[in-house]
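Sequence lines set the chain letters: A, B, ... in the order given, protein chains first and strands last, and positions in each chain run from 1. All heavy atoms count here, side chains included; hydrogens, waters and symmetry mates do not. Everything numeric here is computed off the predicted structure, so don't read it as measured data.
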Amino acid sequence: MAIEITRAGKNALILETPVMPAAGTFGFGDVYRDLINFEKLGALVTNPVSYEPRNAAHGVRVVRLDSGVLLHTGLPNLGINKVLRKYRNLWGMLPLPIIVHLIATTPDHVRKSAARLDEEEGVDALELGLNDDISLDDAADMIHAATSRSEKPVMVRLPTTDTMRLAKIAIEEGASTLVACATPRGTARDPLTGKMISGRIYGPIMKPMILRIVAQLAEKYPEIPIIGSGGIHSPQDARDFISAGAKAVQVDTLTWIQPHLLEHIARDLGGWIVTRENGALPDEWHPSMGDTEKKRKADTGYDEDALLDELRR
Amino acid sequence: MKQSEAIIERVRRINPAYQHLELAVDDNLNRIKPGQSLLVKMRGDWHPYLREQWHPVSVAGTKLLIERPANEHYEVGQVMDVLGLIGQPIRFRRNLRNVLLMAYDTAPTPLLMTIPWLMGNRVSVTMVLLGSAKSYDTQHLNPEVEVIQGEDDINWQNQVMTVGWADQVLVVVNTDDELARFKKIVTRFEERRAIIPQNYLFGVFTGILPCGIGACHACMLQTRQSWSLVCTDGPAFDLTQLTLD
């Protein structure tokens, strides 16, 4: 089942299945190898990367919410040069397209990062993450900086604020895909310190808000593919996004809570024929039913464990 | 790392504040070493959303003994979804003779699994309870563990002797501000020992781990060289190698 998730053009991106992990939830392809069969995913969206290295946020970073979580990590990363040096060999070996999520810091940094990523064979697309409070002019500058320097598809991840106008600007500046959305920001009191912490909110409750945005975008801008991202916690949630007009979906924090469900959703939407235990219902699937583990070890022609050990050093 | 199921086979209240759960687990989880933990979730519910970090206090065959607060309700036969093993085993120095375990304003539960291992290797163990950790009932611990009740803040009787006598120190603190609390511990040890050697004073980090696998980077610590993740490189870190400011 092949799905084109970019606008028609020289460098279209076609996925085998319309499900991928969201930025910030799946690492750089170096984790989850024991839990999830990467061949069943449509693509891998990396953790956010910036042109220059960033440190982790000070203080409280995680606040538990009722049926959700608030996160304030500060988007730590080694900076684009070190990230590419560290992971390019691994990305070249992974059996799925790699989409690098780039933090939109300044137009100059975005321009330089896009140029670097354009040179990397193992990178298939760029996802540009816009800040929540970005102005329309700044957004235009950032997106132009990316699309002007990259032949590869530039996907633009929109915030939940001013989404429609930012979407229009993204289309005008040459974005190949709209990713709706970065989950909204909120504030919660940390029960341990008593401090009010601001960060992004994740959980099933996000789905109705973002589903509405996806439907609005799909209706208003039918010319550009949309990827729905936010609150997906079951195959039905993912199918709801597709019904609303999304071409593909991104699964965020569900991967941390129930890693197997990411593969389950990918198989379900990917139309894979699943191996069923005798007596199991047609829509049931569990990793122990199939040959996920066996196939991963048999098919690779390289020593994955050695490569991962090297990355950890 | 595996995702598997575990069944609670026994629930036993050990004192008014804590209970022990006997958890029947998958074979690979029986290889759990001191310092490692599990991320556990009750099936079929999004509340609580994140997995809870469970620290076994001992291993008996195919079962793990887990210590949990008594106000949490568990039933025999309850099936839990388990992700593990989380973290790396605590690295003990060679030729250990004496280990000091410290709990500062928190229960010493994450350190308890070291006790049978250390005692089995003929290492003597002293446990210092500081702040609100003093209310932790130690009746169920091995009677050979010397328990010292702390005095005000980070003080206890014969502190200089205890600090000098220990070959290795493991500290667990309240997670409200681990870095600040560990810094206080380091400062106190610097006052008692002119030089803190490497691989001597270890902080055991027990803050919330959203993913447990190194994906979210919410547990990142700044080290002198670079950075490390509590979930994959920890939970025990040499405090002299961390940037605690």
Within a reach of under 6.0 Å around CZ of B/Arg93, are more than 12 heavy atoms found that belong to other residues, nucleotides or ligands? yes

Would you please go through residues 250-258 of chain A and name the residues with a non-hydrogen atom below 4.5 Å from one of chain B, in numerical order? A/Thr253, A/Leu254, A/Trp256, A/Ile257, A/Gln258

For the interface with chain A, which of B/Met1, B/Gln3, B/Met220 has the highest count of heavy-atom pairs at distances below 4.5 Å? B/Gln3

State the CD1-CG distance between B/Ile213 and A/Leu35, to the nearest 0.5 angstrom. 4.5 Å

Against chain A, label B/Lys2 side chain, backbone, both or neither, depending on which of its atoms sit under 4.5 Å from a heavy atom there. backbone

Using heavy-atom distances under 4.5 Å, tell me whether B/Pro210 contacts chain A through its side chain, its backbone, both, or neither. both

Heavy-atom pair count under 4.5 Å with chain B, highest-scoring of A/Leu75, A/Leu71, A/Asn77, A/Asn55: A/Asn55

If you compare all heavy atoms of A/Tyr202 against all heavy atoms of B/Tyr49, which two are closest, and at what distance to 0.1 Å? O-CE2, 4.3 Å

side-chain hydrogen bond (donor to acceptor under 3.5 Å, both in side chains) contacts touching residues 216-232 of chain B (sequence neighbours left out): none

Drop me the distance from B/Asp177's CG to A/Lys195's NZ, to the nearest 0.5 angstrom. 6.0 Å

Counting only heavy atoms not in A/Tyr51, do more than 12 sit closer than 6.0 Å to its OH atom? no

A/Pro259 and B/Leu83: which non-hydrogen atoms are nearest, and at how many Å? CG-CD1, 4.0 Å

Which word best sums up how the rings of B/Trp46 and A/His233 line up, parallel for under 30°, tilted for 30 to 60°, or perpendicular for over 60°? perpendicular

Closest contact, heavy atoms only, A/Asn47 versus B/Ala215: ND2-O, 2.7 Å

Report, in residue-number order, which members of residues 183-192 of chain A are under 4.5 Å from chain B by heavy-atom distance. A/Leu192

So which residues of residues 57-70 of chain A are in contact with chain B at a heavy-atom cut-off of under 4.5 Å? A/His58, A/Arg61, A/Val62, A/Arg64, A/Asp66, A/Ser67, A/Gly68, A/Val69

Contact origin within B/Leu179 toward chain A - heavy atom pairs under 4.5 Å: neither

Which bit of A/Tyr32 comes within less than 4.5 Å of chain B, counting heavy atoms only: side chain, backbone, both or neither? both

